[in-house]
Amino acid sequence: MEEKLSFEYAPAPESRALVSIKPKYGHFIGGKFVAGSKHFPTINPATEEVLSQIARGGKSDVDAAVKAASKAYTTTWSKMSGKERGKYLFRIARIMQERSREFAVLETLDNGKPIRESRDVDVPLAAAHFFYHAGWADKLEYAGLGTTPKAHGVAGQIIPWNFPLLMLAWKVAPALAAGNTVVLKPAETTSLTALLFAEVCQQAELPAGVVNIVTGDGSTGALIVNHPGIDKIAFTGSTEVGKIIARAVAPTNKSVTLELGGKAANIIFEDAAIDESVEGIVNGIFFNQGHVCCAGSRLILQESIADEVLEKLKNRMAKIRVGDPMDKNTDLGAINSKEQLLKIRELTAVGDSEGAQRWSAPCDLPGKGFWFAPTIFTGVTQAHRIAREEIFGPVLSVLTFRTPQEAIDKANNTPFGLSAGIWSEKGSKVLWASQQLRAGVIWANTFNKFDPTSPFGGYKESGWGREGGRHGLSAYLKGVSHE
Ligand code: NAI
Ligand code: MG
């Protein structure tokens, strides 16, 4: 008998038993969990299973949270030395590390992203943000941001669903290090890790009211934005909502930072290392299902190497493992929500009707849940909507160029300016291109690399201000330039 060798991966599921999810959650206000009044379900987008019921915060909840944050600011947090504040941040960071498996599993269940990413990217980076900012808490006078930098007071923070815990860390860690207290609202589809973080605050014995978490949808977010007791707003999400917030705070004294959308160019020059570039293209657009504001969603490819790169890219895409996010071998998980899936379908249908050529990796998508196969569009022109609008999914638009200047012109021809990638073996070309590109973050021969010490943020409709590093810290201090 002939024995057939199989190189299939065996299933490698992470254990769901690591987390206990309550059937219903309230808000975290003044150091305690308080009951909500109205609730909505949060589901696992990979299975459509209802995980829990999340409270929809109303006016009285937001009022209570702002009051608690304000009281904590005046009575405790603003009186405490930076050294003491730093101890709490270090403690939070260490507890996040200790509970990292729990956080990773919960994030994957609620968001749909592969466990490999929540375990190796989201959770360690979130802890790293607390460690990094813990170090700043007692050194604010030496950050070059003035001799006596002062906190704003109460920071209202609204975050999206693509990196729920990580975006919380980007917001909460610098706010606390700089001496502010916080009212945070997670996105409606992904509140569970923020609620677990509330438990971490209790475990760290963080003084009551320093961190308050009110769950809910856009209406809850708007209550935070418009609350007179809030001194600073920090938002990450769509450009559309960013504009609403900018209008709302314009006549007020509120300080504001906005991290919005992107349509990043990933430029491959003909002298680039092709195989490495293909890996970089895949990481740039298929990391986190493409739900990444700085995703390399526009591939700008030199014509002389276009055929070779596209052939290798398709071969590589055919090997992307799409499916159960809890399986440790999975590369691409579920789309976060039905709404987001419909948006991806709608924009890709526009791509078809405008004449671009669609190619999707052959893969069996699960029957339940929200799924979209890794897809590329070739023959895309600058006028196409799929070249201009953020799809926020695993969809790459491919454009080509002949001269380096044409690559730059195409890359910059966008209302956004968050990030860009350059692939070339020539250092001088990389430096030349990076100086021409209008983007806040530029990666050379790599993509989607994040570090708490590095400022992150965009030009034009990609937002205002920076997060991370000394620049990000300055946004949480009064009278300090944000750039
Ligand atoms: P969104 O901007 O509506 O949601 C982000 C956060 O803002 C959520 O917490 C939401 O509850 C809150 N929010 C919504 N309306 C608000 C308002 N009027 N005032 C205050 N807060 C409000 O994003 P959505 O609808 O989930 O996604 C739509 C598109 O936005 C995506 O397809 C994607 O293109 C883009 N997006 C970009 C993100 C980024 O990281 N740059 C993150 C999420 C979405
Ligand atoms: Mg929305």
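Values in this document were obtained by computation on a predicted structure and should not be read as measured data. Each ligand, and each atom within it, is numbered from 1 in the order the structure gives.
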Query - Ring centers of Trp443, Phe447 separated by less than 6.0 Å - result: yes

Query - Check against side chain to side chain contact (heavy atoms under 4.5 Å, CB included), Phe197 and Ile92 - result: CA-CA 9 Å; Phe197 178 79; Ile92 289 172; 3.6 Å; yes

Can you list the ligand 1 atoms lying under 4.0 Å from a non-hydrogen atom of [X]?
X: Pro160; answer: 42 (C), 43 (C)
X: Lys343; answer: 29 (C), 31 (C), 32 (O), 33 (C), 34 (O)
X: Gln340; answer: 31 (C), 32 (O)
X: Ala222; answer: 19 (N), 20 (C)
X: Gly221; answer: 19 (N), 20 (C), 21 (N)
X: Ala187; answer: 9 (O)

Query raised in the report: Can the positive tip of Lys185 be found less than 6.0 Å from the middle of the six-membered ring of Phe235, inside 45° of the ring normal?
Result: no

Query raised in the report: So is Lys232 actually on top of Tyr476's ring, under 6.0 Å and inside 45° of the axis?
Result: yes

Query raised in the report: Lys185 to ligand 1: N or O pair under 3.5 Å?
Result: yes

**Report entry** Ile159, any N or O under 3.5 Å of ligand 1 N or O
**Finding:**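 Right, the criterion is met.
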
Query raised in the report: Does ligand 1 have any atom sitting under 4.0 Å from a heavy atom of Phe235?
Result: yes

Ion pair check, [X] and [Y], cut-off under 4.0 Å:
X: Asp331; Y: Arg321; value: no
X: Arg56; Y: Glu188; value: no
X: Lys343; Y: Glu346; value: no

Using heavy atoms and a threshold below 4.0 Å, how should the contact between [X] and ligand 1 be classified: side chain, backbone, both, or neither?
X: Leu260; result: backbone
X: Glu339; result: neither
X: Asp217; result: backbone

Query raised in the report: For atom 10 (C) of ligand 1, which candidate among Met167, Lys243, Glu240, Glu188 holds the nearest heavy atom?
Result: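 Shortest heavy-atom distance from atom 10 (C) of ligand 1: Glu188.
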
Query raised in the report: Looking only at non-hydrogen atoms, which of Ser238, Gly218, Ser462 approaches atom 14 (C) of ligand 1 most closely?
Result: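 When every heavy atom of Ser238, Gly218, Ser462 is considered, Gly218 comes closest to atom 14 (C) of ligand 1.
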
Query raised in the report: So Trp161 and His291, would you call those rings parallel, tilted or perpendicular, with 30° and 60° as cut-offs?
Result: perpendicular

**Report entry** side chain to side chain donor-acceptor pair (under 3.5 Å) partner of Thr236, the single match among Glu259, Lys171, Gln157
**Finding:**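 The side chain to side chain donor-acceptor pair (under 3.5 Å) with Thr236 is passed solely by Lys171 among Glu259, Lys171, Gln157.
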
